[in-house]
Number of protein chains: 2
Amino acid sequence: MVKQRDKSKKRNAIIEAAVHAFIEMGFDRASMDYIAEKAEASKRTVYNHFESKEVLFNAVIQHFVQQSIEEKQIPYQANVPLEAQLNKFAELKVGISTNQLKMNFMRMAFGVMITHPNIAAQVMENAGKNDDGLQAWLDDATADGRLIIEDTALASEVFWSMCSSAFFWMPMLQGELDASKAETLKKEFVATFLARYSK
Amino acid sequence: MVKQRDKSKKRNAIIEAAVHAFIEMGFDRASMDYIAEKAEASKRTVYNHFESKEVLFNAVIQHFVQQSIEEKQIPYQANVPLEAQLNKFAELKVGISTNQLKMNFMRMAFGVMITHPNIAAQVMENAGKNDDGLQAWLDDATADGRLIIEDTALASEVFWSMCSSAFFWMPMLQGELDASKAETLKKEFVATFLARYSK
DNA sequence: TCTTATTTACACTTTTTAGTGTAAATAAGA
DNA sequence: TCTTATTTACACTAAAAAGTGTAAATAAGA
(Lines give C-alpha, C1' and ligand atoms only; values in the text may rest on other atoms or scores of the structure.)
Protein backbone atom coordinates (compact mmCIF):
# COMPACT_ATOMS: atom_id res chain seq x y z
CA MET A 1 0.00 0.00 0.00
CA VAL A 2 1.35 3.35 -1.08
CA LYS A 3 0.61 6.47 0.86
CA GLN A 4 -0.58 9.41 -1.26
CA ARG A 5 -0.43 12.95 -0.08
CA ASP A 6 -2.28 15.89 -1.56
CA LYS A 7 -0.31 17.34 -4.46
CA SER A 8 -3.10 19.57 -5.74
CA LYS A 9 -1.92 22.71 -3.97
CA LYS A 10 1.34 22.85 -5.88
CA ARG A 11 -0.31 21.65 -9.02
CA ASN A 12 -2.84 24.44 -8.95
CA ALA A 13 -0.23 27.02 -8.10
CA ILE A 14 1.73 25.94 -11.14
CA ILE A 15 -1.29 26.09 -13.42
CA GLU A 16 -2.24 29.48 -12.06
CA ALA A 17 1.28 30.76 -12.62
CA ALA A 18 1.32 29.32 -16.12
CA VAL A 19 -1.98 30.96 -17.01
CA HIS A 20 -0.62 34.36 -16.15
CA ALA A 21 2.78 33.73 -17.62
CA PHE A 22 1.29 32.59 -20.92
CA ILE A 23 -1.01 35.58 -21.05
CA GLU A 24 1.73 38.02 -20.11
CA MET A 25 4.48 36.82 -22.36
CA GLY A 26 3.01 34.20 -24.65
CA PHE A 27 3.66 30.50 -24.78
CA ASP A 28 7.10 30.61 -26.29
CA ARG A 29 8.58 33.35 -24.19
CA ALA A 30 7.19 32.07 -20.91
CA SER A 31 9.99 29.78 -19.81
CA MET A 32 9.52 26.89 -17.47
CA ASP A 33 12.03 28.54 -15.15
CA TYR A 34 9.89 31.64 -15.02
CA ILE A 35 6.70 29.70 -14.43
CA ALA A 36 8.35 27.71 -11.66
CA GLU A 37 9.52 30.91 -10.03
CA LYS A 38 6.07 32.49 -10.17
CA ALA A 39 4.50 29.34 -8.79
CA GLU A 40 7.01 29.34 -5.96
CA ALA A 41 8.02 25.88 -6.94
CA SER A 42 11.23 24.40 -8.20
CA LYS A 43 11.53 23.67 -11.87
CA ARG A 44 11.92 20.02 -10.99
CA THR A 45 8.54 20.04 -9.28
CA VAL A 46 6.96 21.61 -12.33
CA TYR A 47 8.34 18.76 -14.39
CA ASN A 48 7.25 16.24 -11.81
CA HIS A 49 3.68 17.46 -12.27
CA PHE A 50 3.75 18.10 -16.00
CA GLU A 51 6.12 16.11 -18.10
CA SER A 52 6.50 18.79 -20.75
CA LYS A 53 5.54 22.34 -21.55
CA GLU A 54 2.88 21.10 -23.94
CA VAL A 55 1.26 18.99 -21.27
CA LEU A 56 1.25 21.99 -19.00
CA PHE A 57 -0.35 24.09 -21.72
CA ASN A 58 -3.10 21.53 -22.12
CA ALA A 59 -3.75 21.60 -18.41
CA VAL A 60 -4.00 25.38 -18.60
CA ILE A 61 -6.54 25.23 -21.40
CA GLN A 62 -8.48 22.59 -19.50
CA HIS A 63 -8.51 24.86 -16.46
CA PHE A 64 -9.79 27.77 -18.53
CA VAL A 65 -12.53 25.77 -20.21
CA GLN A 66 -13.64 24.44 -16.85
CA GLN A 67 -13.97 27.94 -15.47
CA SER A 68 -15.89 29.11 -18.51
CA ILE A 69 -18.67 26.62 -18.07
CA GLU A 70 -20.93 28.96 -16.22
CA GLU A 71 -24.29 28.28 -17.70
CA LYS A 72 -25.78 31.22 -19.48
CA GLN A 73 -29.20 29.98 -20.45
CA ILE A 74 -31.53 32.51 -21.93
CA PRO A 75 -34.99 30.95 -22.05
CA TYR A 76 -37.66 32.05 -24.48
CA GLN A 77 -40.23 34.32 -22.85
CA ALA A 78 -43.55 34.73 -24.60
CA ASN A 79 -44.42 38.02 -22.98
CA VAL A 80 -41.15 39.87 -23.53
CA PRO A 81 -40.26 41.79 -26.71
CA LEU A 82 -38.11 39.76 -29.07
CA GLU A 83 -35.73 42.64 -29.40
CA ALA A 84 -34.95 42.66 -25.69
CA GLN A 85 -34.35 38.93 -25.66
CA LEU A 86 -32.09 39.00 -28.69
CA ASN A 87 -30.17 41.81 -27.10
CA LYS A 88 -29.29 39.45 -24.30
CA PHE A 89 -27.83 36.96 -26.73
CA ALA A 90 -25.76 39.69 -28.31
CA GLU A 91 -24.69 40.76 -24.84
CA LEU A 92 -23.13 37.37 -24.32
CA LYS A 93 -20.59 38.11 -27.01
CA VAL A 94 -20.08 41.71 -25.99
CA GLY A 95 -19.54 40.49 -22.46
CA ILE A 96 -16.72 38.23 -23.49
CA SER A 97 -15.03 40.94 -25.52
CA THR A 98 -15.14 43.20 -22.48
CA ASN A 99 -13.47 40.68 -20.24
CA GLN A 100 -9.84 41.69 -20.69
CA LEU A 101 -8.45 38.60 -18.99
CA LYS A 102 -10.53 36.23 -21.06
CA MET A 103 -9.70 38.01 -24.28
CA ASN A 104 -6.01 38.02 -23.52
CA PHE A 105 -6.17 34.36 -22.74
CA MET A 106 -7.96 33.50 -25.94
CA ARG A 107 -5.67 35.71 -27.98
CA MET A 108 -2.75 33.85 -26.52
CA ALA A 109 -4.40 30.48 -27.09
CA PHE A 110 -5.12 31.27 -30.73
CA GLY A 111 -1.59 32.45 -31.20
CA VAL A 112 -0.28 29.19 -29.85
CA MET A 113 -2.67 27.17 -31.95
CA ILE A 114 -1.71 28.97 -35.14
CA THR A 115 1.96 28.65 -34.37
CA HIS A 116 1.89 25.09 -33.06
CA PRO A 117 -0.60 23.04 -35.06
CA ASN A 118 0.19 19.90 -33.10
CA ILE A 119 -0.87 21.56 -29.88
CA ALA A 120 -3.96 22.91 -31.61
CA ALA A 121 -5.03 19.39 -32.49
CA GLN A 122 -4.77 18.25 -28.89
CA VAL A 123 -6.66 21.26 -27.62
CA MET A 124 -9.43 20.90 -30.17
CA GLU A 125 -10.29 17.48 -28.79
CA ASN A 126 -11.12 19.01 -25.43
CA ALA A 127 -12.85 22.07 -26.84
CA GLY A 128 -16.50 21.22 -27.08
CA LYS A 129 -19.08 22.77 -29.30
CA ASN A 130 -20.73 26.13 -28.81
CA ASP A 131 -24.31 25.47 -27.81
CA ASP A 132 -25.54 28.91 -26.91
CA GLY A 133 -29.17 27.98 -26.83
CA LEU A 134 -30.01 30.52 -29.50
CA GLN A 135 -31.32 27.89 -31.86
CA ALA A 136 -33.61 26.51 -29.15
CA TRP A 137 -34.80 30.02 -28.49
CA LEU A 138 -35.51 30.54 -32.18
CA ASP A 139 -37.40 27.26 -32.28
CA ASP A 140 -39.58 28.41 -29.42
CA ALA A 141 -40.19 31.85 -30.87
CA THR A 142 -41.07 30.29 -34.21
CA ALA A 143 -43.42 27.80 -32.62
CA ASP A 144 -45.01 30.69 -30.80
CA GLY A 145 -45.67 32.34 -34.16
CA ARG A 146 -43.59 35.42 -33.49
CA LEU A 147 -40.83 34.55 -35.92
CA ILE A 148 -40.98 32.98 -39.35
CA ILE A 149 -37.93 30.84 -39.82
CA GLU A 150 -37.55 27.82 -42.04
CA ASP A 151 -34.10 26.85 -40.91
CA THR A 152 -33.38 27.94 -37.37
CA ALA A 153 -29.83 26.58 -37.50
CA LEU A 154 -29.11 28.84 -40.44
CA ALA A 155 -30.78 31.82 -38.81
CA SER A 156 -28.76 31.19 -35.70
CA GLU A 157 -25.61 31.29 -37.80
CA VAL A 158 -26.66 34.57 -39.36
CA PHE A 159 -27.08 36.15 -35.97
CA TRP A 160 -23.85 34.79 -34.54
CA SER A 161 -21.95 35.74 -37.67
CA MET A 162 -22.83 39.36 -37.20
CA CYS A 163 -22.09 39.34 -33.50
CA SER A 164 -18.93 37.26 -33.63
CA SER A 165 -17.23 39.38 -36.21
CA ALA A 166 -17.79 42.66 -34.43
CA PHE A 167 -17.72 41.52 -30.82
CA PHE A 168 -15.21 38.76 -30.92
CA TRP A 169 -12.85 38.46 -33.86
CA MET A 170 -12.17 42.12 -34.39
CA PRO A 171 -11.54 42.91 -30.72
CA MET A 172 -9.48 39.76 -30.45
CA LEU A 173 -7.12 40.76 -33.20
CA GLN A 174 -7.35 44.52 -33.12
CA GLY A 175 -8.06 45.44 -29.53
CA GLU A 176 -11.11 46.41 -27.56
CA LEU A 177 -14.23 47.90 -29.11
CA ASP A 178 -15.60 51.26 -28.05
CA ALA A 179 -18.65 50.75 -25.80
CA SER A 180 -20.99 53.14 -27.58
CA LYS A 181 -19.95 51.72 -30.92
CA ALA A 182 -20.76 48.27 -29.60
CA GLU A 183 -24.19 49.47 -28.52
CA THR A 184 -24.90 50.95 -31.94
CA LEU A 185 -23.86 47.80 -33.70
CA LYS A 186 -25.82 45.58 -31.34
CA LYS A 187 -29.00 47.54 -32.02
CA GLU A 188 -28.48 47.38 -35.75
CA PHE A 189 -27.73 43.66 -35.72
CA VAL A 190 -30.88 42.87 -33.80
CA ALA A 191 -32.94 45.16 -36.04
CA THR A 192 -31.49 43.52 -39.12
CA PHE A 193 -32.17 40.07 -37.80
CA LEU A 194 -35.76 40.93 -36.94
CA ALA A 195 -36.31 42.61 -40.30
CA ARG A 196 -35.49 39.31 -41.88
CA TYR A 197 -37.26 36.84 -39.62
CA SER A 198 -40.00 38.52 -37.63
CA LYS A 199 -43.60 38.57 -38.71
CA MET B 1 31.32 58.54 -56.83
CA VAL B 2 30.29 55.06 -55.80
CA LYS B 3 29.27 52.45 -58.34
CA GLN B 4 26.01 50.63 -57.55
CA ARG B 5 25.10 47.31 -59.03
CA ASP B 6 21.65 45.76 -59.08
CA LYS B 7 21.01 43.88 -55.86
CA SER B 8 17.29 43.39 -56.41
CA LYS B 9 17.57 39.88 -57.84
CA LYS B 10 19.01 38.44 -54.65
CA ARG B 11 16.80 40.62 -52.54
CA ASN B 12 13.66 39.33 -54.22
CA ALA B 13 14.85 35.76 -54.07
CA ILE B 14 15.31 36.15 -50.34
CA ILE B 15 11.87 37.65 -49.84
CA GLU B 16 10.30 34.96 -51.96
CA ALA B 17 12.05 32.26 -49.97
CA ALA B 18 11.04 33.91 -46.72
CA VAL B 19 7.39 34.08 -47.77
CA HIS B 20 7.29 30.37 -48.35
CA ALA B 21 9.38 29.50 -45.34
CA PHE B 22 7.18 31.58 -43.05
CA ILE B 23 4.03 30.02 -44.45
CA GLU B 24 5.42 26.51 -44.28
CA MET B 25 6.93 26.55 -40.85
CA GLY B 26 5.92 29.80 -39.21
CA PHE B 27 8.00 32.77 -38.27
CA ASP B 28 9.77 31.25 -35.30
CA ARG B 29 10.66 27.92 -36.80
CA ALA B 30 11.81 29.30 -40.14
CA SER B 31 15.46 29.89 -39.40
CA MET B 32 17.57 32.39 -41.25
CA ASP B 33 19.81 29.53 -42.30
CA TYR B 34 16.87 27.77 -43.89
CA ILE B 35 15.68 30.90 -45.66
CA ALA B 36 19.15 31.56 -46.98
CA GLU B 37 19.39 28.03 -48.31
CA LYS B 38 16.02 28.26 -50.06
CA ALA B 39 16.96 31.60 -51.55
CA GLU B 40 20.22 30.12 -52.80
CA ALA B 41 22.07 32.78 -50.95
CA SER B 42 24.53 32.73 -48.12
CA LYS B 43 23.27 33.65 -44.70
CA ARG B 44 25.66 36.56 -44.73
CA THR B 45 23.99 37.95 -47.83
CA VAL B 46 20.60 37.66 -46.20
CA TYR B 47 21.89 39.74 -43.33
CA ASN B 48 23.51 42.17 -45.73
CA HIS B 49 20.09 42.81 -47.24
CA PHE B 50 18.01 42.64 -44.06
CA GLU B 51 19.66 43.54 -40.82
CA SER B 52 17.40 41.30 -38.73
CA LYS B 53 14.69 38.71 -38.98
CA GLU B 54 12.10 41.31 -38.05
CA VAL B 55 13.18 43.61 -40.83
CA LEU B 56 12.91 40.71 -43.22
CA PHE B 57 9.43 39.92 -41.95
CA ASN B 58 8.34 43.48 -42.57
CA ALA B 59 9.63 43.30 -46.10
CA VAL B 60 7.65 40.11 -46.59
CA ILE B 61 4.45 41.75 -45.37
CA GLN B 62 5.15 44.73 -47.58
CA HIS B 63 5.58 42.41 -50.53
CA PHE B 64 2.28 40.67 -49.77
CA VAL B 65 0.32 43.89 -49.37
CA GLN B 66 1.74 45.21 -52.62
CA GLN B 67 0.58 42.11 -54.46
CA SER B 68 -2.86 42.31 -52.91
CA ILE B 69 -3.58 45.74 -54.29
CA GLU B 70 -5.37 44.51 -57.34
CA GLU B 71 -8.32 46.81 -57.54
CA LYS B 72 -11.63 45.08 -57.19
CA GLN B 73 -14.09 47.85 -57.87
CA ILE B 74 -17.72 46.86 -58.06
CA PRO B 75 -19.63 49.83 -59.44
CA TYR B 76 -23.30 50.38 -58.77
CA GLN B 77 -25.48 49.36 -61.70
CA ALA B 78 -28.99 50.78 -61.85
CA ASN B 79 -30.36 48.06 -64.08
CA VAL B 80 -29.03 45.02 -62.27
CA PRO B 81 -30.82 43.34 -59.34
CA LEU B 82 -29.41 44.43 -55.99
CA GLU B 83 -29.11 40.84 -54.92
CA ALA B 84 -26.77 40.00 -57.76
CA GLN B 85 -24.59 43.00 -57.03
CA LEU B 86 -24.39 42.29 -53.31
CA ASN B 87 -23.50 38.73 -54.12
CA LYS B 88 -20.40 40.04 -55.81
CA PHE B 89 -19.34 41.86 -52.68
CA ALA B 90 -19.81 38.72 -50.67
CA GLU B 91 -17.84 36.84 -53.29
CA LEU B 92 -14.86 39.03 -52.55
CA LYS B 93 -14.62 37.56 -49.09
CA VAL B 94 -15.41 34.03 -50.19
CA GLY B 95 -12.73 34.42 -52.82
CA ILE B 96 -10.07 35.22 -50.27
CA SER B 97 -11.05 32.32 -48.06
CA THR B 98 -10.69 30.01 -51.04
CA ASN B 99 -7.19 31.19 -51.82
CA GLN B 100 -5.18 28.69 -49.85
CA LEU B 101 -1.90 30.56 -50.21
CA LYS B 102 -3.38 33.85 -49.12
CA MET B 103 -5.14 32.29 -46.16
CA ASN B 104 -2.02 30.48 -45.04
CA PHE B 105 -0.09 33.69 -45.31
CA MET B 106 -2.59 35.66 -43.30
CA ARG B 107 -2.89 32.92 -40.72
CA MET B 108 0.85 33.02 -40.31
CA ALA B 109 0.88 36.80 -40.17
CA PHE B 110 -1.77 36.90 -37.47
CA GLY B 111 0.07 34.27 -35.53
CA VAL B 112 3.21 36.35 -35.62
CA MET B 113 1.35 39.49 -34.69
CA ILE B 114 -0.32 37.86 -31.71
CA THR B 115 2.92 36.32 -30.55
CA HIS B 116 5.14 39.33 -31.24
CA PRO B 117 3.25 42.52 -30.41
CA ASN B 118 6.24 44.68 -31.28
CA ILE B 119 6.25 43.33 -34.81
CA ALA B 120 2.49 43.80 -34.99
CA ALA B 121 2.87 47.48 -34.26
CA GLN B 122 5.37 47.93 -37.07
CA VAL B 123 3.20 46.02 -39.52
CA MET B 124 0.07 47.94 -38.62
CA GLU B 125 1.66 51.17 -39.76
CA ASN B 126 2.00 49.81 -43.26
CA ALA B 127 -1.38 48.11 -43.28
CA GLY B 128 -3.84 50.58 -44.73
CA LYS B 129 -7.57 50.65 -44.32
CA ASN B 130 -10.06 48.38 -46.01
CA ASP B 131 -11.95 50.47 -48.53
CA ASP B 132 -14.00 47.90 -50.34
CA GLY B 133 -16.23 50.37 -52.06
CA LEU B 134 -19.33 48.86 -50.51
CA GLN B 135 -20.25 52.08 -48.78
CA ALA B 136 -19.98 54.00 -52.04
CA TRP B 137 -22.18 51.38 -53.65
CA LEU B 138 -24.73 51.73 -50.87
CA ASP B 139 -24.67 55.50 -51.28
CA ASP B 140 -25.44 55.12 -54.97
CA ALA B 141 -28.19 52.57 -54.43
CA THR B 142 -29.73 54.77 -51.76
CA ALA B 143 -29.56 57.85 -53.95
CA ASP B 144 -31.20 55.80 -56.67
CA GLY B 145 -34.06 55.09 -54.30
CA ARG B 146 -33.64 51.34 -54.25
CA LEU B 147 -32.36 51.16 -50.70
CA ILE B 148 -33.40 53.04 -47.60
CA ILE B 149 -30.37 53.57 -45.46
CA GLU B 150 -29.77 56.33 -42.96
CA ASP B 151 -26.21 55.44 -42.13
CA THR B 152 -24.45 53.69 -44.99
CA ALA B 153 -21.26 53.29 -43.00
CA LEU B 154 -23.19 51.34 -40.39
CA ALA B 155 -25.01 49.28 -42.98
CA SER B 156 -21.70 48.49 -44.62
CA GLU B 157 -20.43 47.23 -41.30
CA VAL B 158 -23.47 45.03 -40.87
CA PHE B 159 -22.87 43.42 -44.21
CA TRP B 160 -19.17 42.94 -43.72
CA SER B 161 -19.70 41.63 -40.20
CA MET B 162 -21.79 38.78 -41.49
CA CYS B 163 -19.44 37.99 -44.34
CA SER B 164 -16.20 38.38 -42.44
CA SER B 165 -17.15 36.06 -39.67
CA ALA B 166 -18.23 33.21 -41.89
CA PHE B 167 -15.90 33.71 -44.84
CA PHE B 168 -12.79 35.00 -43.17
CA TRP B 169 -12.34 34.55 -39.45
CA MET B 170 -13.79 31.07 -39.14
CA PRO B 171 -11.91 29.64 -42.12
CA MET B 172 -8.79 31.42 -40.92
CA LEU B 173 -8.85 29.78 -37.53
CA GLN B 174 -10.69 26.58 -38.23
CA GLY B 175 -9.91 25.66 -41.80
CA GLU B 176 -11.67 25.96 -45.12
CA LEU B 177 -15.43 26.29 -45.46
CA ASP B 178 -17.48 23.84 -47.48
CA ALA B 179 -18.42 25.41 -50.82
CA SER B 180 -22.13 24.61 -50.74
CA LYS B 181 -22.31 25.80 -47.15
CA ALA B 182 -20.70 29.04 -48.24
CA GLU B 183 -23.27 29.43 -50.98
CA THR B 184 -26.13 28.90 -48.56
CA LEU B 185 -24.76 31.41 -46.12
CA LYS B 186 -24.05 33.97 -48.82
CA LYS B 187 -27.67 33.79 -50.03
CA GLU B 188 -28.99 34.17 -46.52
CA PHE B 189 -26.71 37.08 -45.70
CA VAL B 190 -27.77 38.99 -48.79
CA ALA B 191 -31.43 38.21 -48.14
CA THR B 192 -31.10 39.38 -44.57
CA PHE B 193 -29.36 42.56 -45.59
CA LEU B 194 -32.00 43.34 -48.18
CA ALA B 195 -34.82 42.55 -45.75
CA ARG B 196 -33.45 45.28 -43.56
CA TYR B 197 -32.52 47.97 -46.05
CA SER B 198 -34.40 47.50 -49.31
CA LYS B 199 -37.65 49.20 -50.14
C1' DT C 1 7.74 11.25 16.94
C1' DC C 2 8.69 8.69 12.66
C1' DT C 3 8.25 7.46 8.01
C1' DT C 4 8.58 8.68 3.55
C1' DA C 5 6.11 11.22 -0.12
C1' DT C 6 7.07 15.43 -2.01
C1' DT C 7 9.72 19.22 -2.90
C1' DT C 8 13.97 21.75 -3.50
C1' DA C 9 18.67 23.30 -5.04
C1' DC C 10 21.55 23.22 -8.51
C1' DA C 11 24.60 21.70 -11.68
C1' DC C 12 24.26 19.65 -16.10
C1' DT C 13 23.47 18.33 -21.03
C1' DT C 14 21.59 19.37 -25.47
C1' DT C 15 19.72 21.86 -28.96
C1' DT C 16 18.63 25.65 -31.52
C1' DT C 17 19.19 29.89 -33.57
C1' DA C 18 20.19 34.93 -34.20
C1' DG C 19 23.69 37.43 -35.56
C1' DT C 20 28.97 38.59 -36.66
C1' DG C 21 33.81 38.72 -38.66
C1' DT C 22 36.68 37.96 -42.39
C1' DA C 23 39.24 36.40 -46.15
C1' DA C 24 38.48 34.57 -50.54
C1' DA C 25 35.58 33.97 -54.70
C1' DT C 26 32.63 35.82 -58.18
C1' DA C 27 30.85 38.64 -61.61
C1' DA C 28 28.90 43.26 -63.37
C1' DG C 29 30.04 46.83 -66.08
C1' DA C 30 33.32 50.49 -67.57
C1' DT D 1 40.62 43.12 -69.35
C1' DC D 2 40.32 45.43 -64.88
C1' DT D 3 38.15 47.29 -60.91
C1' DT D 4 35.58 46.52 -57.13
C1' DA D 5 30.72 45.83 -55.56
C1' DT D 6 28.59 41.84 -54.10
C1' DT D 7 28.42 37.40 -52.63
C1' DT D 8 30.12 33.27 -50.43
C1' DA D 9 32.16 29.90 -47.06
C1' DC D 10 32.64 29.00 -42.68
C1' DA D 11 33.97 29.34 -38.23
C1' DC D 12 32.47 31.93 -34.52
C1' DT D 13 29.94 33.94 -30.27
C1' DA D 14 26.21 34.45 -27.26
C1' DA D 15 21.99 33.54 -25.44
C1' DA D 16 18.05 31.11 -24.30
C1' DA D 17 15.49 27.47 -23.01
C1' DA D 18 13.86 22.39 -22.54
C1' DG D 19 14.55 18.83 -19.95
C1' DT D 20 17.39 15.56 -16.52
C1' DG D 21 19.86 13.51 -12.35
C1' DT D 22 20.55 13.42 -7.65
C1' DA D 23 21.36 14.21 -2.97
C1' DA D 24 19.50 16.85 0.62
C1' DA D 25 15.62 19.30 2.84
C1' DT D 26 10.89 19.56 4.14
C1' DA D 27 6.57 18.44 5.92
C1' DA D 28 2.07 15.53 5.89
C1' DG D 29 -0.11 12.29 8.37
C1' DA D 30 -0.14 7.76 10.83
Whole angstroms only, please: what is the [atom1]-[atom2] distance between [X] and [N]?
X	N	atom1	atom2	result
B:M32	D:dA9	CE	P	17 Å
A:E37	C:dC10	CD	P	14 Å
A:E54	D:dG19	CD	C1'	13 Å
A:K7	D:dG29	NZ	C1'	16 Å
A:F57	D:dA18	CZ	C1'	17 Å
A:D28	D:dA17	CG	P	10 Å
A:K9	C:dT7	NZ	P	12 Å
A:N48	C:dT7	CG	C1'	8 Å

Keeping [X] on the side-chain end and [Y] on the backbone end, is there a donor-acceptor pair under 3.5 Å?
X	Y	value
A:Q73	A:G133	no
A:S164	A:S161	no
A:K53	A:A30	yes

Now, which nucleotide makes the Watson-Crick or G-U wobble pair with [N], with each of the two distances under 3.5 Å?
N	result
C:dA30	D:dT1
D:dA14	C:dT17
C:dT8	D:dA23

*Would you mind telling me which residue lines up with the more 5' stretch of DNA chain C, B:F27 or B:D6, judged by nearest nucleotide?*
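Here B:F27 is the residue nearer the 5' end.
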*Closest-nucleotide 5' rank along DNA chain C - winner of B:D33 and A:S42*: A:S42
Choose from [options] the nucleotide whose nearest atom is closest to any side-chain atom of [X].
X	options	value
B:Y47	C:dA5, D:dT7, C:dA18	C:dA18
A:A41	C:dT8, D:dT8, C:dT7	C:dT8
B:R5	D:dG19, C:dA27, C:dT17	C:dA27

*Test for a donor-acceptor pair under 3.5 Å between the base of D:dT20 and the side chain of A:R44, counting only N and O atoms.*
no
_For a quick check, tell me whether the side chain of B:K53 and the base of C:dG19 share a donor-acceptor pair closer than 3.5 Å._
no
_If you take the centroid of each ring, where Trp contributes its six-membered ring, are A:F110 and A:F105 closer together than 6.0 Å?_
no
*asked:* Looking only at the aromatic ring of each residue, does the gap between the centers of A:F193 and A:F189 stay below 6.0 angstrom?
replied: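 Here the rings of A:F193 and A:F189 have centres that are no less than 6.0 Å from each other.
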_Short side-chain N/O contact to D:dT7 OP1/OP2 from B:H49, under 4.0 Å_ = yes
*Classify the angle between the aromatic ring planes of B:F27 and B:F22 as parallel (below 30°), tilted (30 to 60°) or perpendicular (above 60°).*
tilted
Using a heavy-atom cut-off of under 4.0 Å over every strand shown, decide if [X] touches base, sugar-phosphate, or nothing.
X	result
B:T45	base
B:K10	sugar-phosphate
A:E40	sugar-phosphate

